[in-house]
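Scroll down for the structure; my scribbles are underneath it.
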Amino acid sequence: MIEDSFMHKGLRRKLVDQVHSKGISDQRILDAMLKIPRHAFIDSSFLKFAYQDQAFPIASGQTISQPYTVAFQTQLLDIQVHQKILEVGTGSGYQAAILAEMGARVYTIERIRKLYQTAQSIHRELGYPIKFFIGDGYQGLPSYAPFDRILVTAAAPCIPEALKLQLVTGGILVAPIGQRDCQIMTKCVRTGEDTFEISTHGSFSFVPMKEGLE
Ligand code: SAH
């Protein structure tokens with residue numbers, strides 16, 4: 001059972017106010033953050049870190065993204081209810097929960113089996129109809145494509161070609177692109193069969209996107 005007390009809700013309210021004051025204005029994102037118990041995605045002995053606006057280590061040397069970063073990527077994606085979204089890098093499953101709470105149909109892929117299993121079991125309790133996959137996100141999910149939106153939550157040296165081609169025309173991909181310590185948040189809109197419009201949105205730091213399964 002995931003306990004969600006008044007204390008958790010109070011901490012969440014403070015976190016949401018902080019994310020808002022840092023420039024996230026989309027009320028649907030703030031509402032989703034207010035609703036999702038972030039503490040459920042973090043080991044219970046680290047409860048006090050759950051509602052700080054910071055990234056935090058999870059299993060297998062990976063991290064749950066900073067709440068502001070989750071909100072920032074989600075804002076760039078500009079998601080609409082019922083859209084089909086591919087998330088690359090399930091990690092804790094927190095970002096997937098935010099997207100599902102906003103009404104998207106979420107497909108999420110992870111290369112580390114332990115994380116895939118843990119995220120799935122948390123979601124079984126939360127009850128969001130998210131589809132989980134184990135695999136190499138560089139390949140995307142060709143048999144479920146095309147997607148309205150693609151969100152990459154690990155750092156890649158360039159936008160994976162296979163992912164661009166799994167977007168619908170008019171679809172948006174958001175990914176942190178660059179080398180190990182610092183990446184540029186990149187938005188890629190598919191404007192036609194072979195045409196893409198790229199824009200950049202500041203620097204961030206993510207764990208690396210790796211090829212193949214662990
Ligand atoms: N969205 C996550 C953040 C995860 S950190 C959250 O909300 O918690 C990035 C994740 O991407 C890690 O779990 C890492 O294992 C995963 N990852 C890295 N390379 C990958 C790849 N090629 N395919 C799928 N997942 C990958």
Side-chain angles (χ1 to χ4, degrees), residues 2-77 79 87-102 106 108 110-112 114-116 118-119 122-123 126 128 130 137 151-156 174-187 200-210:
I2 295 167
E3 193 209 345
D4 195 25
S5 67
F6 281 115
M7 178 195 72
H8 295 124
K9 291 191 174 95
L11 290 169
R12 221 148 53 229
R13 163 55 67 194
K14 278 197 194 138
L15 173 65
V16 168
D17 288 347
Q18 249 180 302
V19 168
H20 183 221
S21 70
K22 289 179 183 173
I24 302 299
S25 53
D26 187 334
Q27 194 57 43
R28 298 171 309 151
I29 298 172
L30 299 172
D31 287 348
M33 288 194 127
L34 200 54
K35 188 126 183 241
I36 306 291
R38 189 167 185 262
H39 63 277
F41 297 88
I42 287 179
D43 188 292
S44 55
S45 47
F46 296 112
L47 175 64
K48 74 174 181 144
F49 295 99
Y51 293 110
Q52 293 181 4
D53 190 22
Q54 281 172 14
F56 195 74
I58 52 172
S60 310
Q62 304 305 313
T63 55
I64 176 170
S65 300
Q66 180 182 350
Y68 171 74
T69 304
V70 169
F72 189 84
Q73 286 199 294
T74 308
Q75 191 157 277
L76 279 179
L77 273 181
I79 66 170
E87 179 196 29
V88 174
T90 310
S92 66
Y94 176 71
Q95 169 79 70
I98 296 287
L99 299 173
E101 173 59 33
M102 292 175 71
V106 183
T108 183
E110 172 58 57
R111 63 182 285 280
I112 300 178
K114 183 176 190 313
L115 297 177
Y116 156 83
T118 308
I122 295 167
H123 276 283
L126 291 177
Y128 290 108
I130 293 169
L151 173 58
V152 181
T153 67
V174 170
I177 300 300
Q179 300 311 319
R180 233 191 151 83
D181 294 327
C182 175
Q183 305 92 37
I184 303 298
M185 193 60 76
T186 305
K187 176 173 170 176
T200 56
H201 304 269
S203 42
F204 289 81
S205 179
F206 284 73
V207 294
M209 188 165 168
K210 295 184 177 167

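Just so it is clear, the structure is predicted and the values come from calculations on it, not from any experiment.
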Indicate the atoms forming the closest heavy-atom contact of [X] with [Y], along with that distance.
{"X": "Val106", "Y": "Ala96", "value": "CG2-O, 4.0 Å"}
{"X": "Ile58", "Y": "Gly91", "value": "CD1-C, 3.7 Å"}
{"X": "Arg28", "Y": "Ile79", "value": "NH1-O, 2.7 Å"}
{"X": "Ile24", "Y": "Ala71", "value": "CG1-CB, 3.8 Å"}
{"X": "Leu126", "Y": "Pro37", "value": "CD2-CG, 3.8 Å"}
{"X": "Ile130", "Y": "Ala97", "value": "CD1-N, 4.1 Å"}

Any side-chain donor-acceptor pair under 3.5 Å between [X] and [Y]?
{"X": "Glu110", "Y": "Thr90", "answer": "no"}
{"X": "Thr74", "Y": "Gln95", "answer": "yes"}
{"X": "Arg38", "Y": "Tyr51", "answer": "no"}

SB check Asp31 Lys35 (cutoff 4.0 Å) = no
Can you find a heavy atom in the side chain of [X] that is under 4.5 Å from one in the side chain of [Y]?
{"X": "Val174", "Y": "Thr186", "answer": "no"}
{"X": "Tyr128", "Y": "Ile36", "answer": "yes"}
{"X": "Gln183", "Y": "Ser203", "answer": "no"}
{"X": "Met185", "Y": "Leu76", "answer": "yes"}
{"X": "His39", "Y": "Asp4", "answer": "yes"}

Short question: side chain of [X], backbone of [Y] - any donor-acceptor pair under 3.5 Å?
{"X": "Glu101", "Y": "Met33", "value": "no"}
{"X": "Thr153", "Y": "Val88", "value": "yes"}
{"X": "Ser60", "Y": "Gln62", "value": "no"}
{"X": "Gln66", "Y": "Asp53", "value": "yes"}
{"X": "Gln73", "Y": "Ala175", "value": "no"}
{"X": "Gln54", "Y": "Gln52", "value": "no"}

Next item on the list: Mind running side-chain contact (heavy atoms from CB on, under 4.5 Å) on Leu47 and His8 for me, showing each step along the way?
Entry: CA-CA 9 Å; Leu47 175 64; His8 295 124; 3.7 Å; yes
Quiz prompt | Worked verdict on His201 versus Phe72 for side-chain contact (heavy atoms from CB on, under 4.5 Å) | solution = CA-CA 10 Å; His201 304 269; Phe72 189 84; 3.9 Å; yes
Using 0.5 Å steps for rounding, measure from the [atom1] atom of [X] to the [atom2] atom of [Y].
{"X": "Leu34", "Y": "Ile29", "atom1": "CG", "atom2": "CD1", "answer": "13.5 Å"}
{"X": "Ile177", "Y": "Met209", "atom1": "CD1", "atom2": "CE", "answer": "8.5 Å"}
{"X": "Leu151", "Y": "Thr108", "atom1": "CG", "atom2": "OG1", "answer": "8.5 Å"}
{"X": "Leu115", "Y": "Ile64", "atom1": "CG", "atom2": "CD1", "answer": "11.0 Å"}

Are more than 12 heavy atoms, taken from residues, nucleotides or ligands other than [X], located less than 6.0 Å from that residue's [atom1] atom?
{"X": "Lys22", "atom1": "NZ", "answer": "yes"}
{"X": "Gln179", "atom1": "CD", "answer": "no"}
{"X": "Lys9", "atom1": "NZ", "answer": "yes"}

Does the pair Phe204 and Thr69 meet the rule for a side-chain contact (heavy atoms from CB on, under 4.5 Å), with working shown? CA-CA 8 Å; Phe204 289 81; Thr69 304; 3.8 Å; yes
Residues at least two apart in sequence or cross-chain that pass side-chain hydrogen bond (donor to acceptor under 3.5 Å, both in side chains) with Ser44, listed by chain then number, are none
The salt bridge (charged side-chain N to carboxylate O under 4.0 Å, His left out) partners of Asp43 (sequence neighbours excluded) come to none
Do Ser205 and Cys182 pass the side-chain contact (heavy atoms from CB on, under 4.5 Å) test, and can you show the C-alpha distance, the side-chain angles, and the key distance before you say yes or no? CA-CA 5 Å; Ser205 179; Cys182 175; 6.0 Å; no
Which class fits the ring pair Phe41 and Tyr94: parallel under 30°, tilted 30 to 60°, perpendicular over 60°? perpendicular
